[in-house]
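Convention: sequence-line order gives letters A, B, ...; per-chain numbering from 1. Source: prediction; values computed, not measured.
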Amino acid sequence: MIRVLKNIYRFYADGFRSMTIGRKLWLIIGIKLFVFFVILKLFFFPDILSRDFDTDEERAQHVRTTLTNR
Amino acid sequence: MNDLLTTVDWSRWQFALTAIYHWLFVPLTLGLAVIVGIMESIYVKTGDDKWLKTTKFWMTLFGINFAIGVATGLILEFEFGTNWSNYSWFVGDIFGAPLAIEGLLAFFMEATFVAVMFFGWGKVSKGFHLASTWLTAIGASISALWILVANAWMQYPVGMEFDPAQMRNVMDNFWALFSGIAVNKFFHAVLSGWALAGVFVIAVSCWFLLKKKNTDFAIRSIKVGAWTGLVGLLLTMYTGDGSAVQVTRHQPMKLAAMEGLYNGSTSQSLVAVGLVNPDKQWNNDEDPYLFNIDLPYGLSILARHDANAFVPGINDIIAGVDINEQGDTINTVSYAERIERGKAAQESLRRFDTARKAGDAAAMEKARADMMKDYQFFGYGYFDSVDQAIPPVALTFYSFRVMVIVGSYLILFFLVVLFAAYRKQWLQREKWLQWTAMITLLLVYLCSQAGWIVAEVGRQPWTVQDLLPTCAAISDIPSASVITTFWIFAAIFTMLLIAEVSIMCRYISRNAKIQLD
């Protein structure tokens with residue numbers, strides 16, 4: 001089992017080492033995921049119902065109130 | 001109210017912007033994965049080194065597109081939670097299941113097999129590598145399946161029951177999600193990706209021909225691209241025909257908007273080309289078109305596969321009038337009545353809420369039962385007049401024509417390219433054809449985006465057909481924050497697109513100096 005895991009690790013490590021154009025792509029992926037999950041999700045895109053209410057019952061009540069008052 | 005409308009409009013623009021950018025990457029991933037799979041299959045079968053070089057070249061372009069495009073769809077899910085939280089809650093159970101499966105499948109299948117595709121050359125057997133390539137292609141399509149199933153449910157909500165206590169639609173039949181609309185939508189979208197990728201391969205290959213570099217490689221690639229594109233396109237048209245029939249049955253207002261048709265008739269013609277009259281409203285006598293050339297019987301055949309069938313227009317649908325296959329006039333529910341029944345359903349929901357707060361179980365059950373009688377028209381209760389339930393006609397009409405006209409042109413394009421590819425000298429000599437191929441790359445993207453505009457603008461004002469319009473689905477958030485994030489997204493996605501195009505161009509240009517023949 002450990003040997004299999006080592007082989008998998010080596011497979012990926014060798015793959016990453018031998019990349020050429022891939023390095024730039026991984027950098028872009030990294031920056032993109034950082035911007036999406038750390039900046040946008042955290043500061044600009046909260047899940048409003050999860051943020052503002054503690055229980056599903058409260059969330060349902062909020063949606064019911066909103067949808068019957070619009 | 002004004003701020004709510006601004007929030008709705010900006011949130012719609014934001015969703016459209018992010019979805020359009022996302023869809024620049026997705027169809028190329030779907031189609032190029034198949035083309036790479038075909039090329040590698042030929043390599044494994046023949047053992048010919050030139051096919052190995054060909055496969056690796058296109059696989060790298062696939063990788064660039066995959067890397068830049070990956071996770072761009074997550075932004076849409078962020079928007080559900082922030083901008084469309086009422087919608088998100090209302091449909092959570094139904095929408096969440098396919099998206100969760102998509103996330104797991106996308107992660108495990110694509111992450112595993114994409115790695116083998118790129119890192120596995122010489123480390124795993126040829127057969128295992130080929131299997132990984134195909135599994136990546138299949139994995140990408142299966143990912144798309146779940147997204148498209150969720151989208152189809154919004155257009156044709158089935159397989160659920162609304163629970164007013166949870167304020168959610170609760171799934172009661174998972175398999176109902178795979179409706180005719182979902183199946184057609186899946187094949188239509190995925191196969192259109194084959195056509196788009198086919199044009200991409202032809203266009204890039206034609207650039208090599210223009211530069212007179214790696215011409216054998218280019219011709220080889222063009223043959224695979226053109227065959228895949230042609231097969232994909234023909235199947236896209238076949239499933240498009242299925243979609244038209246489904247839309248006629250379940251979203252007749254969308255079909256009427258696609259056609260700019262206000263007063264339907266039997267043996268209804270189809271507008272081949274035309275200009276919509278901007279002054280035309282559902283309740284005035286203006287001519288719907290400033291100019292139009294019709295195909296006799298076209299719309300009846302398209303919508304109902306019967307040259308003499310009646311196709312209802314916007315006014316017929318508003319009045320609740322249709323004519324069945326036997327030629328009898330039948331009454332569906334008029335929009336005025338839908339609005340009344342929608343308001344009645346909302347009033348019942350208010351009574352349910354009051355009874356719930358009072359702890360009166362009998363009154364709750366009575367209110368719930370009353371609401372369910374009219375629930376199918378729940379969303380119409382948000383409208384004050386019937387015109388609020390009519391989609392933007394001009395945008396839907398023109399997008400449909402762009403999709404169909406460019407799609408038809410693509411058949412001719414693939415046939416000419418195939419003909420030329422098998423007469424190698426001709427394709428190498430005719431520069432106009434090489435330039436046409438490169439211009440066609442822009443057209444195929446336009447066609448692909450136009451298809452989504454028809455599907456999504458044509459179903460306005462609904463987020464969930466008949467149940468939840470955009471004005472109810474929106475969160476209570478200030479429009480200023482939506483406007484800010486709109487521009488942030490516009491900047492990020494534009495940068496990603498520039499990165500993709502520049503990395504691809506540099507890679508393609510570098511390979512012009514390498515022997516690929």
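- Salt-bridge check for A/Arg59 with A/Asp56: passed, with a basic side-chain N closer than 4.0 Å to an acidic carboxylate O.
- Taking both residues in full, the closest heavy atoms of B/Glu79 and A/Phe45 are given as CG-CE2, 3.8 Å, listed atom of the first, atom of the second, then distance.
- When all heavy atoms are compared, the tightest approach of A/Lys41 to A/Asp47 is NZ-N, 4.1 Å.
- Taking every heavy atom of both residues into account, B/Phe80 and B/Ser88 meet most closely at O-CB, 3.6 Å.
- For B/Phe118, no part sits under 4.5 Å from any heavy atom of chain A, backbone or side chain.
- Nearest heavy-atom pair, B/Leu467 versus B/Tyr375, reported as atom, atom and distance to 0.1 Å: CD2-O, 3.2 Å.
- Within the 4.5 Å cutoff, the side chain of B/Phe66 has no heavy atoms near those of the B/Leu32 side chain.
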Which atom pairs, donor and acceptor, lie under 3.5 Å between side-chain atoms of residues 24-40 of chain A and protein residues at least two apart or in another chain?
{"from": "A/Lys32", "atom 1": "NZ", "to": "B/Ala67", "atom 2": "O", "distance (Å)": "2.8"}
{"from": "A/Lys32", "atom 1": "NZ", "to": "B/Ile68", "atom 2": "O", "distance (Å)": "2.6"}
{"from": "A/Lys32", "atom 1": "NZ", "to": "B/Val70", "atom 2": "O", "distance (Å)": "2.6"}

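- Listed options B/Asn83, B/Val116, B/Val124 were ranked by heavy-atom pairs under 4.5 angstrom with chain A; first place goes to B/Val116.
- Residues of residues 501-513 of chain B lying under 4.5 angstrom from chain A, judged on non-hydrogen atoms, are B/Ile503, B/Arg506, B/Tyr507 in numerical order.
- With contacts defined as side-chain heavy-atom distances shorter than 4.5 Å, the pair B/Ile492/B/Ile75 does not qualify.
- For the pair B/Phe162/B/Phe378, no side-chain contact is recorded, criterion being any heavy-atom separation below 4.5 Å from C-beta on.
- The salt bridge (charged side-chain N to carboxylate O under 4.0 Å, His left out) check on B/Asp370 picks up B/Arg351, B/Lys366, B/Lys373, with sequence neighbours excluded.
- The most heavy-atom pairs under 4.5 Å with chain A, out of B/Gln166, B/Lys123, B/Lys357, come from B/Lys123.
- Close approach to chain B, defined as a heavy atom under 4.5 Å from one of its heavy atoms, is seen in A/Phe11, A/Tyr12 of residues 2-13 of chain A, taken by number.
- Between B/Phe78 and B/Phe489, a ring centre-to-centre spacing not shorter than 6.0 Å is recorded.
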